[in-house]
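Excluded from the calculations below are hydrogen atoms, water molecules and symmetry mates; all remaining heavy atoms, backbone and side chain alike, are included.
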Amino acid sequence: MSPAPSQPDAPRGRMPVLFIGHGSPMNAIEDNEWSRAFRAVAATIPKPRAVLVVSAHWFVPGTLLTADERPATIHDFSGFPRELAELRYPAPGDPELANRVVGLIGAGRAALSGAWGLDHGAWSVLRHLFPDAATPIVQLSMDDQAEPADHLALGRALAPLRDDGVLILGSGNITHNLRTFMEASRRGDVSTPDWAAGFDGDVATALTQHDDAYLTSALDSERGRICHPSPDHYLPLLYAAGAADRRDRVSFPITGFAGGSLSMRAVRFG
């Protein structure tokens, strides 16, 4: 993996917010169009003091935060090459930041956890954004019992972190139907279905308009149900959108589909 370009120093203003379509775990170790795009995004953002990441792959009962000073690299997959299984992303944790997030959300609604670390939704992107693994990372779980509007509200609660040099990063995919993806892959079909292109485009429009009503109801639509048999890869987007506001310019530094139907769209707020 080639090194990422140097990042500009953090300005005095607010940090931007990012959502990255992470796609396959193989993007962590391959030099491909997506990993190169992740590194290109890295060159455009200020260097943060710390990162709070919300990954599709920590979807459990409750709102939890990693509290370890050295969070483990979690390999929450199987059937991939040994090189990927042996990869480690040794970034430090930030217990102080984790405690602050608990305070922002509310001690009765969030808690610290030592039972998780950084899963591949986090480190497959972070190792391209911050390849030196020197930036402190805290991961936030998503409560699988919460409604989409609740996840958006939690994102809003996190917004003050932006003024303290913390990058809020959501990692998932705007379309994510793995069954359809695998069936198309077996056929060698990389065309993008209308349902995937339509949903991806509708979400992009809603993001540019800061249309929270659409974003929190999108999974109830016919396209939304096809794109997301499970909501886990969509919900990190709501944390990013919640941490943004109408002052933030919305841009899409990465667009396109992997394997035809998996949206790799990245979103930058601010």
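- In this structure, R246 does not pair ionically with D212, as no charged nitrogen and carboxylate oxygen lie closer than 4.0 Å.
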Practice item. Apply side chain to side chain contact (heavy atoms under 4.5 Å, CB included) to the pair V125 and N27, showing each step before the final yes or no. Key: CA-CA 8 Å; V125 173; N27 293 328; over 6 Å; no

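- Nearest heavy atom pair, residue D143 against residue Y239, reads N-OH, 4.5 Å.
- In this structure, CZ in R268 is found 10.5 Å from CD1 in I20, a value given to the nearest 0.5 Å.
- Hydrophobic clustering, with ILVMFWY side chains joined whenever heavy atoms are under 4.5 angstrom apart, keeps L237 apart from L169.
- Listed by first then second residue, pairs satisfying side-chain hydrogen bond (donor to acceptor under 3.5 Å, both in side chains) with a partner in residues 199-211 read D200-S263, D200-R265, D202-R223, not counting sequence neighbours.
- The hydrophobic clustering, which links ILVMFWY residues whose side-chain heavy atoms are closer than 4.5 Å, places W116 and M142 apart.
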Practice item. Begin with the C-alpha distance, continue with both residues' side-chain angles, and end with the deciding distance and a verdict on side chain to side chain contact (heavy atoms under 4.5 Å, CB included) for F19 and I174. Key: CA-CA 10 Å; F19 171 83; I174 289 178; 3.8 Å; yes

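- Between N32 and M26, every side-chain heavy-atom pair lies at or beyond the 4.5 Å cut-off.
- A donor-acceptor pair under 3.5 Å is formed between the side chain of W123 and the backbone N or O of I74.
- Under a hydrophobic clustering in which Ile, Leu, Val, Met, Phe, Trp and Tyr are joined whenever their side-chain heavy atoms come within less than 4.5 Å, directly or via other members, I45 and W34 fall into the same cluster.
- Between atom CE of residue M15 and atom NZ of residue K47 there is a gap of 11.5 Å, rounded to the nearest 0.5 Å.
- Atom CD of E147 is separated from atom CG of L152 by 13.0 Å, given to the nearest 0.5 angstrom.
- Between R100 and D164 there is a salt bridge, with a side-chain nitrogen of the basic residue lying less than 4.0 Å from a carboxylate oxygen of the acidic one.
- Of all non-hydrogen atoms in F257 and A197, the two that sit nearest each other are CZ-CA, 3.9 Å.
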Point to revise | Steps toward side chain to side chain contact (heavy atoms under 4.5 Å, CB included) verdict (V138, V101) | key: CA-CA 10 Å; V138 171; V101 173; 5.6 Å; no

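- A donor-acceptor contact shorter than 3.5 Å links the side chain of N99 to the backbone of P95.
- Side-chain N or O atoms of S141 include one that pairs as donor or acceptor with a backbone N or O of L64 at under 3.5 Å.
- Distance check, rounded to the nearest 0.5 Å: CG of L84 to CD1 of I29 gives 4.5 Å.
- F59 is listed as a side-chain neighbour of L235, based on a closest heavy-atom distance under 4.5 Å.
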Practice item. Give the C-alpha distance, both sets of side-chain angles, the deciding distance and a yes or no for side chain to side chain donor-acceptor pair (under 3.5 Å) between S124 and H22. Key: CA-CA 7 Å; S124 66; H22 65 244; 5.4 Å; no

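- Scanning all heavy atoms of the two residues, the minimum distance from P236 to S171 falls at CG-O, 3.5 Å.
- Side chain of S251 to backbone of P253: no donor-acceptor contact under 3.5 angstrom is found.
- A donor-acceptor pair under 3.5 Å is absent between the side-chain atoms of N173 and the main chain of T175, judged by distance alone.
- Using a 4.5 Å heavy-atom threshold, the side chains of L161 and L97 count as touching.
- No donor-acceptor pair under 3.5 Å is formed between the side chain of R70 and the backbone N or O of G93.
- Atom OG in S221 sits 9.5 Å away from atom NE2 in H228 (nearest 0.5 Å).
- Y234 places no side-chain N or O within 3.5 Å of a backbone atom of H176 that could act as its donor or acceptor partner.
- More than 12 heavy-atom neighbours from other residues, nucleotides or ligands sit within 6.0 angstrom of CZ on R88.
- Linking ILVMFWY side-chain heavy atoms closer than 4.5 Å, directly or via other members, places V41 and V17 in two distinct hydrophobic clusters.
- The shortest distance between side-chain heavy atoms of L112 and V102 falls below 4.5 Å.
- For R247 and D245, the salt-bridge test passes: some basic side-chain N is under 4.0 Å from an acidic carboxylate O.
- E69 has its side chain out of reach of D94: every pair of non-hydrogen atoms, C-beta onward, lies at least 4.5 Å apart.
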Review point. Please walk me through it: do I168 and R162 pass side chain to side chain contact (heavy atoms under 4.5 Å, CB included)?
Key: CA-CA 7 Å; I168 298 169; R162 299 177 60 186; 4.0 Å; yes

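- Side-chain contact between W58 and D232 is absent, with no heavy-atom pair separated by less than 4.5 Å.
- Look at D220 and R225 and you find no salt bridge, because none of the NZ, NE, NH1 or NH2 atoms lies under 4.0 Å from a carboxylate O.
- Counting heavy atoms from C-beta outward, W195 and S261 have side chains that approach closer than 4.5 Å.
- Residues L154 and L104 are members of one and the same hydrophobic cluster, defined by side-chain heavy-atom contacts under 4.5 angstrom among Ile, Leu, Val, Met, Phe, Trp and Tyr.
- Ring-centre distance between H75 and H120: not below the 6.0 Å cut-off.
- Across all non-hydrogen atoms, the minimal contact from A122 to Q139 is CB-OE1, 3.6 Å.
- A salt bridge is absent between R109 and D150: the closest approach of a Lys/Arg side-chain nitrogen to an acidic carboxylate oxygen does not fall below 4.0 angstrom.
- Under the 4.5 Å side-chain criterion, counting only non-hydrogen atoms from C-beta, V51 is not in contact with V166.
- Counting heavy atoms of neighbouring residues, nucleotides and ligands inside a 6.0 Å radius, atom CD of E96 does not exceed 12 of them.
- More than 12 heavy atoms of other residues, nucleotides or ligands shown are found within 6.0 angstrom of CD on E86.
- What you find for P71 and D68 is that their closest heavy atoms are CD-O, 3.7 Å.
- Ring geometry for H128 versus F38: interplanar angle of 30 to 60°, hence tilted.
- A pairwise comparison of heavy atoms in L167 and P16 identifies CD1-O, 3.4 Å as the closest pair.
- Separation of atoms CG (D144) and OG (S230) is listed at 9.0 Å; rounding is to 0.5 Å.
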